[in-house]
A.B. asks: 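First the structure, then my questions, so here it is.
Computed from a predicted model, the values in this text were never measured in an experiment. Reckoned from all heavy atoms, side chains included, excluding hydrogens, waters and symmetry mates.
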Amino acid sequence: QVQLVQSGGGLVQSGGSLRLSCTASGFTLDYYAIGWFRQAPGKEREAISCISATNVNTYYADSVKGRFTISRDTTKNTVYLQMNNLKPEDTASYYCAALLAGTLDVLSTNAEDYDNWGQGAQVTVSS
């Protein structure tokens, strides 16, 4: 079965850190760009970070730039989102998604471009 399995998330105090993981099951992430999206209650889903299949290009939303880091471990077929200096406004449901890119060095902040989605993880940051 082809799926993305997320782990991580939870409750943390403002200024704390969390790491989200996104592991592919049934397929390899080597040829996929990965995006991390989040959605807070009453708000639009937003792309916060992406990494191209080649790992050459990355994207960070201004709201997380300098605090979040996206990375890929091909040996574990996993992409991570390290979140530092978390703020209450980071509270949201976080989703990873995979976009089949082959060897192209592309990424996308458009959720509709992504084929497979993780189940989501709740991140709550208390003040």
A.B. asks: About how many Å separate CD1 of I51 and CD1 of I34, when rounded to the nearest 0.5 Å?
C.D. replies: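 Atom-to-atom, I34:CD1 and I51:CD1 are 8.5 Å apart.
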
A.B. asks: Any salt bridge (Lys or Arg N to Asp or Glu O under 4.0 Å) involving residues 74-87? Give me the pairs, sequence neighbours left out, ordered by first then second residue.
C.D. replies: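 Qualifying pairs: none.
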
A.B. asks: If you measure from CD1 on I70 to CD on Q82, what distance do you get to the nearest 0.5 Å?
C.D. replies: 12.0 Å

A.B. asks: Got a sec, which pairs hit salt bridge (Lys or Arg N to Asp or Glu O under 4.0 Å) with one end in residues 32-57, sequence neighbours left out?
C.D. replies: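 Qualifying pairs: R38-E46, R38-D90.
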
A.B. asks: Which pairs pass side chain to side chain donor-acceptor pair (under 3.5 Å) with one or both residues in residues 3-20, sequence neighbours excluded?
C.D. replies: S17-N84

A.B. asks: Apply ring-ring contact (aromatic ring centres under 6.0 Å, His included) to Y32 and list each qualifying residue two or more places apart in sequence or on a separate chain.
C.D. replies: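 Partners of Y32 by the ring-ring contact (aromatic ring centres under 6.0 Å, His included) criterion, ordered by chain and then number, come out as F27.
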
A.B. asks: Nearest 0.5 Å, please: how far is CG in L11 from CD in Q122?
C.D. replies: 9.5 Å

A.B. asks: So, using side-chain hydrogen bond (donor to acceptor under 3.5 Å, both in side chains) as the criterion, who are the partners of D62 when residues are at least two apart?
C.D. replies: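 D62: side-chain hydrogen bond (donor to acceptor under 3.5 Å, both in side chains) contacts with K65.
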
A.B. asks: Closer than 3.5 angstrom, by distance alone: can the side chain of N77 be matched with the main-chain N or O of L29 as a donor-acceptor pair?
C.D. replies: yes

A.B. asks: Verify, without hydrogens or angle tests, whether D73 (side chain) and T78 (backbone) share a donor-acceptor contact under 3.5 angstrom.
C.D. replies: no

A.B. asks: Go through the structure and list residues passing ring-ring contact (aromatic ring centres under 6.0 Å, His included) with Y31, not counting sequence neighbours.
C.D. replies: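 Partners of Y31 under the ring-ring contact (aromatic ring centres under 6.0 Å, His included) test: none.
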
A.B. asks: Quick one: closest heavy-atom pair of S52 and L107, and the distance?
C.D. replies: N-CD2, 4.0 Å

A.B. asks: Tell me which pairs pass disulfide (SG to SG under 2.5 Å) where either residue lies in residues 98-127, with sequence neighbours left out.
C.D. replies: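 Of all non-adjacent pairs touching residues 98-127, none passes disulfide (SG to SG under 2.5 Å).
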
A.B. asks: Within this structure, what is the CZ-CG distance for the pair R72 and N55, rounded to the nearest 0.5 Å?
C.D. replies: 4.5 Å

A.B. asks: With rounding to the nearest 0.5 angstrom, report the CG to CG distance, L99 to N110.
C.D. replies: 9.5 Å

A.B. asks: Does anything in residues 101-127 pair up under salt bridge (Lys or Arg N to Asp or Glu O under 4.0 Å), and if so which pairs, sequence neighbours excluded?
C.D. replies: none

A.B. asks: Once disulfide (SG to SG under 2.5 Å) is applied, what residue pairs with a partner in residues 52-82 remain, sequence neighbours excluded?
C.D. replies: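 For residues 52-82: none.
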
A.B. asks: Using the side-chain hydrogen bond (donor to acceptor under 3.5 Å, both in side chains) criterion, which residues pair with T28? Sequence neighbours excluded.
C.D. replies: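 side-chain hydrogen bond (donor to acceptor under 3.5 Å, both in side chains) check on T28 returns D30.
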
A.B. asks: Could you give all pairs that pass the disulfide (SG to SG under 2.5 Å) test and reach residues 43-127, with sequence neighbours left out?
C.D. replies: C22-C96

A.B. asks: Would you mind listing every ring pair (Phe, Tyr, Trp, His ring centres under 6.0 Å) that reaches into residues 34-68, with sequence neighbours excluded?
C.D. replies: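 Applying ring pair (Phe, Tyr, Trp, His ring centres under 6.0 Å) to every pair that reaches into residues 34-68, excluding sequence neighbours, yields F37-Y114, F37-W117.
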
